[in-house]
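For reference, the structure discussed in these notes is given below.
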Amino acid sequence: MTPLWGAGGPEGLLNMLSRVADSLYWMSRYMERTEGILRMLKINYASSQDDTQEFSWKPVLKIFTFLEEEEANALAHDTRAVLQFMVTGKDNPNSVLNIITLARENGRSVQDHITKEMWQCINDFYHNIRQDKLADLFQHEDPITLLDNLIKQGLLYFGTTDVTMARGEGNSFINIGKFLERAIQSTDILDVKFSDMNYEMDKTTDTTYWKYFLMSIAGYELYLKTYRGGFEAKNVVEQIVLNEQFPRSVIYSINQLHRYFERVKHEHNKTDFNQIDFMIGKIKSKVKFSTSDSIVAEGLHLFLNETKKGLFDIGDKLNHNYFAYA
Amino acid sequence: MPRFFIHHVTKYTYPEPVRDSANQIMLYPVKDENQEVQSQRITITGEPFVEQFRDYYGNEVGSFMHISPHTQLRIDSNMVVITKPIKFPTDEIAIEQQWDHLIQIGNVVPYIDFLKQEFFNALPEVKQIADAGFYKSVSVFVAVQQLNTYVYDNFDYIKGITSVETTLDEIWKLRAGVCQDFAHMLLVMLRLLNIPARYVSGYVCPHDNDLRGEGATHAWVEAYIPFYGWLGLDPTNNCVVNDRHVRLAIGRNFSDCSPVKGSYKGVARQTLEVGVSVSGEDGPGPRPDSSVLTTQVVTGKLEDGAGDDNSYRRHLQMVQQQQ
Amino acid sequence: MPVINVPKLIFMQTSELMQSYLVDSNTWDEMYSDSSVRDHYRNAVEFLEKLSIEDLNKREEFAKRLFMSQGVTFTVYSSGEGIEKIFPFDIIPRIITSAEWDYIEKGIKQRLKALNLFLKDIYSNQFILKDGVIPAAMIYSCPHYLREMHNFPVPYDIYVHISGIDLIRNNDGSFYILEDNLRTPSGVSYMLENREITKRIFPYLLPQSNVRSVTEYPTILHRNLVSLSPRQIKNPTIVLLTPGIYNSAYFEHTTLARLMGVELVEGSDLVVDNHKVYMKTTSGLQQVDVIYRRVDDEFLDPLVFDPGSMLGVAGIMSAYRKGNVAIVNAVGNGVADDKAVYTFVPAMIRYYLNEEPLLQNVPTYQLGKDEEREHVFNNIGEMVIKKTNESGGYGMLMGSAATAEEIDQYKAEVLKNPRQFIAQPIISLSTVPCYMDGKLKPRRVDLRPYALCGPDGIEIVPGGLTRVALREGSLIVNSSQGGGSKDTWVLAQ
């Protein structure tokens with residue numbers, strides 16, 4: 001911790017405050033998480049209308065909430081209640097309402113580091129989700145329309161960020177947060193879905209199951225184009241883990257994470273940088289050089305768990321090496 | 001002219017590394033016609049640069065930082081000080097004239113600061129004693145000694161039942177404490193009689209264990225005697241201060257004179273140990289690091305880095321932010 | 001300068017907008033004089049009268065939406081939940097003539113010069129006490145007189161870099177000083193934002209009306225901050241220190257940081273090492289040269305002031321004393337805007353500048369003095385009593401509006417520590433038109449111009465914050481007490 005240079009740093013550029021980097025990173029993680037939750041809710045709702053048997057929300061509740069087993073069971077078959085709980089539930093720390101509030105608090109504390117347009121997107125989203133009438137609407141109106149509106153607000157934020165945010169360090173931390181969150185989410189979703197069927201790869205569930213699953217992560221159309229022979233669990237794993245063209249795949253997310261991380265290298269933080277760079281590199285090659293067969297052979301649950309742990313470790317290390325300011 | 005070798009250690013220990021520490025020390029003996037500092041050496045963990053300045057009351061203050069993670073902060077101060085015998089007031093001026101003089105200077109700087117007494121619940125009770133009447137019928141010099149004796153007689157010297165946080169009300173109720181509590185009580189009484197009175201921190205240098213206040217920093221009082229000046233009174237030892245006290249700092253109260261204070265980030269738990277050893281010219285010479293350390297009570301008022309998991313502290317921060 | 005031809009004869013009272021505008025005869029109205037519109041309001045009034053009520057309502061709604069969506073809000077916390085509020089904005093501008101402004105400007109500059117000399121003096125030689133112009137007891141009993149600042153060199157001897165002095169206008173039409181805000185005055189972002197909103201809701205009106213611009217404010221402030229840098233380097237690091245996102249002025253902190261292009265930091269972003277201040281960045285520590293702080297003195301340095309502060313930086317006073325960092329405003333200014341010390345400001349102007357004050361004080365009684373306290377208690381119905389060290393309308397008593405019980409309680413409070421209270425006769429603040437449900441209605445206002453003091457002198461951006469008591473008959477303009485604000489126009493000659 002020695003002083004580095006005079007005012008302004010190299011070429012008069014300001015270095016980014018650790019706290020600012022931290023807030024940008026979390027703002028971005030929360031926005032990405034919101035998107036994941038909303039998409040998941042929308043498709044599961046559609047699926048619940050298609051189901052001949054009684055539809056269960058339990059997998060969704062398992063991925064996105066901290067509910068105890070019994071609480072999740074109690075809620076699992078009440079679609080409207082789940083939607084309310086997941087979107088506007090004040091007591092649910094992972095409700096869209098609470099996550100957007102966190103995203104906004106983070107955004108608010110770095111308002112001078114994001115563009116005014118981005119701030120307005122997040123702020124509008126926040127005011128929108130806080131309307132008292134929203135909980136009511138989820139009880140009586142068409143959930144798809146409501147969720148679509150919220151998803152669009154998220155998309156507006158992503159688009160605005162892409163178009164307006166300067167390609168500096170701030171943008172890098174935004175993307176680091178975004179892709180780390182996405183990689184964790186995709187790993188999580190896959191793990192929960194397969195735990196449903198005890199990781200038995202050849203157990204064929206009906207087509208609708210896979211269809212809605214892929215739709216919920218916007219991967220249905222790509223699947224149809226890639227695999228002609230109907231649904232197979234192994235192919236689903238392959239697409240979600242290994243397909244470099246699929247924007248929600250684990251490998252795509254890790255590649256992007258790496259790409260943006262490389263940009264926050266400084267003259268003065270080589271050690272800090274190298275540690276994390278090594279961790280990302282390690283997990284990247286592990287995933288990259290796997291095949292759907294090797295994953296199945298290793299055990300899907302084990303593979304996913306290790307990947308997830310690797311991703312969490314990266315998050316911890318980022319916190320330690322880049323954001324430690326408290 | 002007595003010559004003293006003093007070694008003063010202050011040691012903070014933390015169970016886990018703390019950082020971003022900033023500290024202030026008031027460990028520099030006063031240099032004036034009654035006190036000469038022959039030498040002083042202060043060593044601090046991490047060897048930080050100590051910036052010195054003079055505060056409003058004329059005390060020398062040092063400040064330093066230690067920001068890298070550490071589990072211990074130790075400050076060693078070694079000094080050789082010569083004190084000179086004091087000429088006491090001759091008390092020749094008419095009694096009434098003395099008390100009149102005090103009224104005249106009541107609103108004059110610097111005395112104004114040493115007359116103001118903050119309100120506390122027992123103040124009226126204390127006032128009754130000070131107002132008893134006979135104090136103002138004797139000279140100021142005699143009155144201050146009588147009050148000095150009053151505190152000595154009515155308060156028990158007990159270590160460990162009070163801390164720097166103890167309020168005047170609590171001390172009054174306990175009728176006991178250590179030197180700084182004795183000093184604070186005497187300050188109140190003197191000020192109630194309109195006698196400017198200031199707090200003094202320093203060291204006491206006993207002959208044969210004949211004085212209380214050894215092994216740690218000592219505290220006493222200086223009262224303003226008209227047509228004379230400031231006179232030291234040690235209520236813990238029931239004496240007028242002469243050449244066996246070494247002065248470090250003066251102020252309105254303890255917090256103006258705190259010998260060592262600091263702030264850091266990290267765990268709230270800490271251990272403070274303090275030791276002071278004094279040896280006279282004729283005694284054994286200075287033995288560095290030989291002081292016996294005694295654990296002190298510290299209350300954790302500091303910046304807690306782990307505040308995020310503590311909703312009380314998070315709330316407090318929210319409230320402060322709203323200022 | 002464009003010349004605007006305004007038809008001289010308009011029968012205002014007949015228009016729907018104006019028909020219920022009833023001016024109190026004992027009050028100075030900024031728009032009306034002898035039942036005709038004052039010249040400097042004509043252009044705006046004519047413009048407004050051309051608009052339909054629906055149109056005006058739409059513009060008012062538009063203004064609200066703009067404030068909300070830009071996050072120009074403050075948060076009120078109750079039961080752990082934050083509620084976003086906008087500082088109510090009235091769409092009708094308050095207009096000040098260039099002659100009025102010139103006088104205000106001169107008066108404030110004179111006052112600030114004296115106040116700054118006072119701060120320098122009180123923290124060094126104390127000539128003013130030695131000469132008996134101000135009693136020492138007045139200063140030494142002030143909680144904001146910081147002995148830590150004694151003989152403490154501040155760059156260029158400037159203490160008050162930024163001030164927001166509050167003015168009011170009495171029924172004789174002259175401006176009086178209500179209070180001096182010399183610590184961390186807030187509200188300047190509303191001066192800037194209100195103007196931006198006017199541009200959006202009334203396009204073309206500003207250029208037609210010959211209004212002087214306020215946009216220079218951040219530029220001047222930034223220039224002054226740069227000039228204070230202890231290191232003579234090309235790009236000194238300047239930061240704005242905020243208490244954090246829960247502060248009601250957080251929006252302002254963000255706005256100013258953004259407009260000046262300086263870093264917005266919290267206490268936890270900074271650390272002091274070897275008597276220099278650094279900020280913690282993703283690539284290590286970077287030295288900070290100038291701190292524009294919006295954190296109060298008592299929270300600034302837990303080592304020197306409140307040890308429980310979580311907003312400050314331990315050791316910062318040491319870096320400041322050593323001259324390694326400049327702090328704006330200087331520490332210890334509270335002694336000069338104490339409401340009891342306020343009564344001596346005219347004496348300071350005479351003492352330090354050998355001039356007569358241009359702007360008068362509101363007559364003020366010190367409740368620490370027995371005879372003045374008695375006078376106030378006997379005439380309490382015509383008095384407003386305030387705490388000397390509070391601002392923002394907190395802890396005050398409006399004698400005319402209080403119940404007997406409230407008065408008794410307040411008196412008891414005063415008697416505990418009379419020095420901490422002052423009283424002023426209730427002044428009938430001037431009124432301006434406000435847009436209320438399709439009509440213009442007179443409401444009371446004050447004026448807070450923002451003065452910036454740098455090594456080259458004092459500059460005041462032509463404008464300020466006009467606060468308005470939106471409730472009918474109310475005299476209290478503070479936002480905490482139901483006040484709102486207006487765009488403030490200073491006309492060019």
Side-chain angles (χ1 to χ4, degrees), chain A residues 1-25 90 101 104-116 119-124 126-128 130 169-170 172-173 264-270 272-273 318 321-326, chain C residues 65-66 68-73 75 80-84 226 229-240 242 244-246 250-251 253-271 273-274 276-290 310:
Chain A
M1 299 260 275
T2 41
L4 302 169
W5 49 61
E11 292 121 38
L13 278 173
L14 278 171
N15 297 309
M16 176 155 283
L17 283 177
S18 298
R19 176 181 52 83
V20 170
D22 191 20
S23 294
L24 290 173
Y25 165 87
K90 282 186 184 162
T101 304
R104 179 175 177 270
E105 295 240 310
N106 278 289
R108 202 156 110 87
S109 68
V110 292
Q111 262 182 74
D112 49 331
H113 292 268
I114 54 177
T115 60
K116 206 165 177 165
W119 164 241
Q120 284 183 20
C121 281
I122 300 176
N123 199 37
D124 284 342
Y126 168 79
H127 286 302
N128 195 1
R130 270 177 57 97
E169 205 175 335
S172 301
F173 281 109
V264 297
K265 185 173 182 172
H266 283 287
E267 277 292 291
H268 307 274
N269 62 355
K270 276 191 189 132
D272 288 343
F273 173 85
L318 276 169
N321 291 6
Y322 279 82
F323 309 144
Y325 59 88
Chain C
R65 243 186 12 253
L66 285 172
M68 203 51 145
S69 112
Q70 294 181 10
V72 190
T73 52
T75 317
E81 207 177 324
I83 299 155
E84 298 287 316
V226 169
S229 169
R231 291 190 295 172
Q232 293 303 315
I233 45 174
K234 208 167 131 224
N235 285 310
T237 303
I238 294 162
V239 299
L240 196 159
T242 173
I245 61 167
Y246 300 115
Y250 184 74
F251 163 74
H253 308 160
T254 313
T255 307
L256 289 175
R258 189 198 281 271
L259 289 173
M260 292 191 288
V262 306
E263 201 71 34
L264 183 66
V265 301
E266 296 177 15
S268 61
D269 294 325
L270 301 180
V271 63
D273 188 22
N274 198 16
K276 293 186 181 115
V277 181
Y278 296 92
M279 55 183 192
K280 301 174 179 183
T281 77
T282 51
S283 54
L285 298 182
Q286 180 179 329
Q287 192 178 341
V288 173
D289 299 285
V290 183
M310 289 183 265

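In what follows, every chain begins at residue 1, and chains take the letters A, B, ... in the order their sequences are listed. The structure displayed is predicted, hence computed values, not measured ones.
For the side-chain contact (heavy atoms from CB on, under 4.5 Å) test, residues two or more places apart in sequence or in another chain that qualify with C/Arg65 are C/Phe62.
Within the 4.5 angstrom heavy-atom criterion, only side-chain atoms of A/Phe173, from C-beta onward, approach chain C. In this structure, no portion of C/Val288 lies under 4.5 Å from any heavy atom of chain A. Contact of A/Val264 with chain C is not made at all, since no heavy-atom distance falls under 4.5 Å.
Taking CG of A/Asn106 as the start and CZ of A/Arg19 as the end, the distance is 10.0 Å to the nearest 0.5 Å. Between A/Arg108 atom CZ and A/Thr101 atom OG1 the span is 11.5 Å, to the nearest 0.5 Å.
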> Should C/Leu270 and C/Met279 be marked as a side-chain contact (heavy atoms from CB on, under 4.5 Å) after you check the CA-CA gap, both sets of side-chain angles, and the distance that decides it?
Replying inline: CA-CA 4 Å; C/Leu270 301 180; C/Met279 55 183 192; 3.6 Å; yes
